[in-house]
2 protein chains.
Amino acid sequence: MKHEKGSEIASLIREINATLNAQLREAFKENNLTPPQMMIMFMLSEEKKLKVSEISTKMNLANSTVSGIIDRLEKLGYVQRVRSEVDRRVVHVEPSKQAEELHKLFHDTVTQFLGTIVEDATDKQITEVMTGLNTLQKLLNREKQKD
Amino acid sequence: MKHEKGSEIASLIREINATLNAQLREAFKENNLTPPQMMIMFMLSEEKKLKVSEISTKMNLANSTVSGIIDRLEKLGYVQRVRSEVDRRVVHVEPSKQAEELHKLFHDTVTQFLGTIVEDATDKQITEVMTGLNTLQKLLNREKQKD
DNA sequence: AACTAATATTTCGCATACGAAGTATTATAT
DNA sequence: ATATAATACTTCGTATGCGAAATATTAGTT
């Protein structure tokens with residue numbers, strides 16, 4: 001009986017994640033960008049310049065994954081890689097000049113979508129969700145060492 | 001300010017999902033199977049026979065995704081496809097005879113892992129998590145029609 | 001019965017997503 | 001100063017994961 005709750009929780013996470021991704025794809029469809037592409041553009045419109053590893057950390061992705069996404073954004077002409085002068089191992093990702101008008105649009109689209117998640121949710125509901133997610137995160141992250 | 005909570009929630013979901021997947025990969029590493037492969041073997045050891053579309057529904061995946069996973073499990077000799085006699089459009093996925101000893105092992109491994117999620121979690125914590133996830137799921141799923 | 005619609009699955013093209021290995025550069029140790 | 005280790009990123013191979021289109025079969029219409 002012990003694994004029943006774990007099973008239910010794992011299943012719910014999978015389902016919620018899938019739903020969220022589907023809605024993100026739908027919301028960004030007009031822009032012809034995928035969710036992670038859009039999120040990176042969003043972050044760049046706020047930060048103006050990010051290291052590949054910073055993007056990986058913020059988005060919880062492996063460097064190799066981000067590198068591939070940047071490849072495609074670069075090919076689309078939306079960003080450019082710039083090697084750091086200070087430390088030439090570092091690659092800065094910057095929004096490109098020629099797509100500057102789009103940046104505001106991307107930013108607004110993402111902001112708007114993120115708003116809809118909690119739109120017409122009560123404060124109580126938001127608290128419930130945040131509490132539950134934080135608790136689950138803690139449960140998952142501690143149980144490294146044992147016996 | 002409105003999108004801040006939405007952003008935080010989306011980010012937490014991503015992070016939790018990634019953590020869960022990483023732990024699943026780690027737990028199933030010994031078996032040389034990926035998480036979805038392992039989950040399908042788990043389901044088959046309980047049900048003995050499932051339609052492709054049933055697997056898709058239970059796992060919240062597109063049929064095309066499941067079809068690919070079954071391809072690889074079949075290539076490994078762990079399952080076999082059997083066309084239904086009743087409705088020849090339907091494909092039944094069955095555990096293979098030659099891997100029968102492994103099935104119990106797979107089942108135990110999955111059961112054990114699902115147990116660890118809630119292991120040494122208090123009832124209060126489990127309730128918090130369940131409440132939060134259910135609330136979030138409801139929030140995401142209702143906002144189809146509007147204005 | 002012939003035609004059309006619906007259903008179940010597969011195939012295809014593409015974009016994540018990961019870890020391992022490779023490359024280049026910088027930091028550290030001897 | 002040179003060898004070694006650490007860091008940042010890319011490349012490679014493989015497995016999801018999706019939607020759209022293709023295929024095969026069954027159900028429903030006329």
Side-chain angles (χ1 to χ4, degrees), chain A residues 14-15 17-29 31-41 49-76 78-93, chain B residues 14-15 17-29 31-41 49-76 78-93:
Chain A
R14 268 194 77 80
E15 188 176 335
N17 191 58
T19 304
L20 193 57
N21 274 324
Q23 292 185 8
L24 282 165
R25 270 195 305 277
E26 175 67 24
F28 302 155
K29 196 171 54 178
N31 307 95
N32 284 313
L33 287 186
T34 65
Q37 287 171 351
M38 204 74 175
M39 292 313 294
I40 289 178
M41 294 311 294
K49 184 199 236 191
L50 284 168
K51 303 189 336 188
V52 170
S53 50
E54 286 172 340
I55 297 176
S56 306
T57 302
K58 281 175 193 282
M59 296 189 60
N60 232 300
L61 295 173
N63 286 334
S64 53
T65 301
V66 172
S67 189
I69 298 171
I70 301 299
D71 282 347
R72 289 176 283 275
L73 283 175
E74 206 171 20
K75 201 168 294 174
L76 288 168
Y78 291 168
V79 304
Q80 60 204 24
R81 283 175 161 96
V82 180
R83 282 237 167 245
S84 164
E85 295 294 324
V86 186
D87 182 341
R88 294 171 43 71
R89 289 171 300 186
V90 172
V91 170
H92 289 294
V93 182
Chain B
R14 268 194 76 80
E15 189 178 336
N17 191 59
T19 304
L20 194 56
N21 274 324
Q23 293 186 8
L24 282 164
R25 269 195 305 278
E26 175 66 23
F28 302 156
K29 197 172 53 178
N31 306 96
N32 284 312
L33 288 186
T34 66
Q37 286 170 352
M38 204 73 175
M39 292 313 294
I40 289 179
M41 294 310 294
K49 185 198 234 189
L50 284 168
K51 303 190 334 190
V52 170
S53 51
E54 286 172 341
I55 297 176
S56 306
T57 302
K58 282 174 192 283
M59 297 189 59
N60 231 299
L61 294 173
N63 286 333
S64 54
T65 300
V66 173
S67 190
I69 297 171
I70 301 299
D71 282 348
R72 289 176 284 274
L73 283 176
E74 206 172 21
K75 200 169 294 175
L76 288 168
Y78 290 168
V79 304
Q80 59 204 22
R81 284 177 160 96
V82 180
R83 281 236 167 247
S84 164
E85 294 293 324
V86 185
D87 182 341
R88 296 171 43 70
R89 289 171 299 187
V90 172
V91 169
H92 289 293
V93 182

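Letters go in sequence order (proteins before strands), and every chain restarts at 1.
Contact footprint of chain A on DNA chain D: nucleotides with an atom under 4.0 Å from a non-hydrogen protein atom, first to last in 5' to 3' order, D:dA6 to D:dC18.
In this structure, A:Q37 atom CD and C:dT16 atom C1' are separated by 9 Å, rounded to whole Å. The CD atom of B:E74 sits 12 Å away from the C1' atom of C:dT10 (whole-angstrom rounding). Look at CG on A:N21: it is 12 Å from C1' on C:dA17, rounded to the nearest Å. Atom CG of B:L24 and atom P of C:dC18 are 14 Å apart (whole Å). Put simply, NE2 on A:H92 is 15 Å from P on C:dT25, counting in whole angstrom units. As rounded to whole Å, 16 Å separates atom P of C:dT16 from atom CG of A:L20.
Residue B:R83 is out of contact with every strand shown, counting any heavy-atom pair closer than 4.0 Å.
A:T65 has a side-chain polar atom (N or O) that falls below the 4.0 Å cut-off from OP1 or OP2 of C:dC18. B:S53 has a side-chain polar atom (N or O) that falls below the 4.0 Å cut-off from OP1 or OP2 of C:dT9.
Of the candidate nucleotides C:dT25, C:dG19, C:dA8, C:dT25 has the atom nearest to the side chain of A:D87. For A:L61, counting side-chain heavy atoms from C-beta on, the closest listed nucleotide (C:dA17, C:dA20, C:dT16) is C:dA17.
Side-chain contact check for B:T65 versus B:S56: every heavy-atom pair is 4.5 Å or farther apart.
Within the 3.5 Å criterion, the main-chain N or O of A:R89 finds a donor-acceptor partner in the side chain of A:D87. A donor-acceptor pair is defined here as one N or O able to donate and one able to accept, closer than 3.5 Å; no such pair exists between the side chain of A:S67 and the backbone of A:N63.
Side chain B:R89 to base C:dT9: no donor-acceptor pair is found below 3.5 Å.
Heavy-atom nearest nucleotides on DNA chain D were determined for A:R25 and for A:I70, and the one closer to the 5' end corresponds to A:I70.
When all heavy atoms of A:L33 and A:Y78 are compared, the pair lying nearest together is CD2-CE1, 3.9 Å.
Rounded to the nearest 0.5 angstrom, A:N32 CG and A:L76 CG are separated by 9.0 Å.
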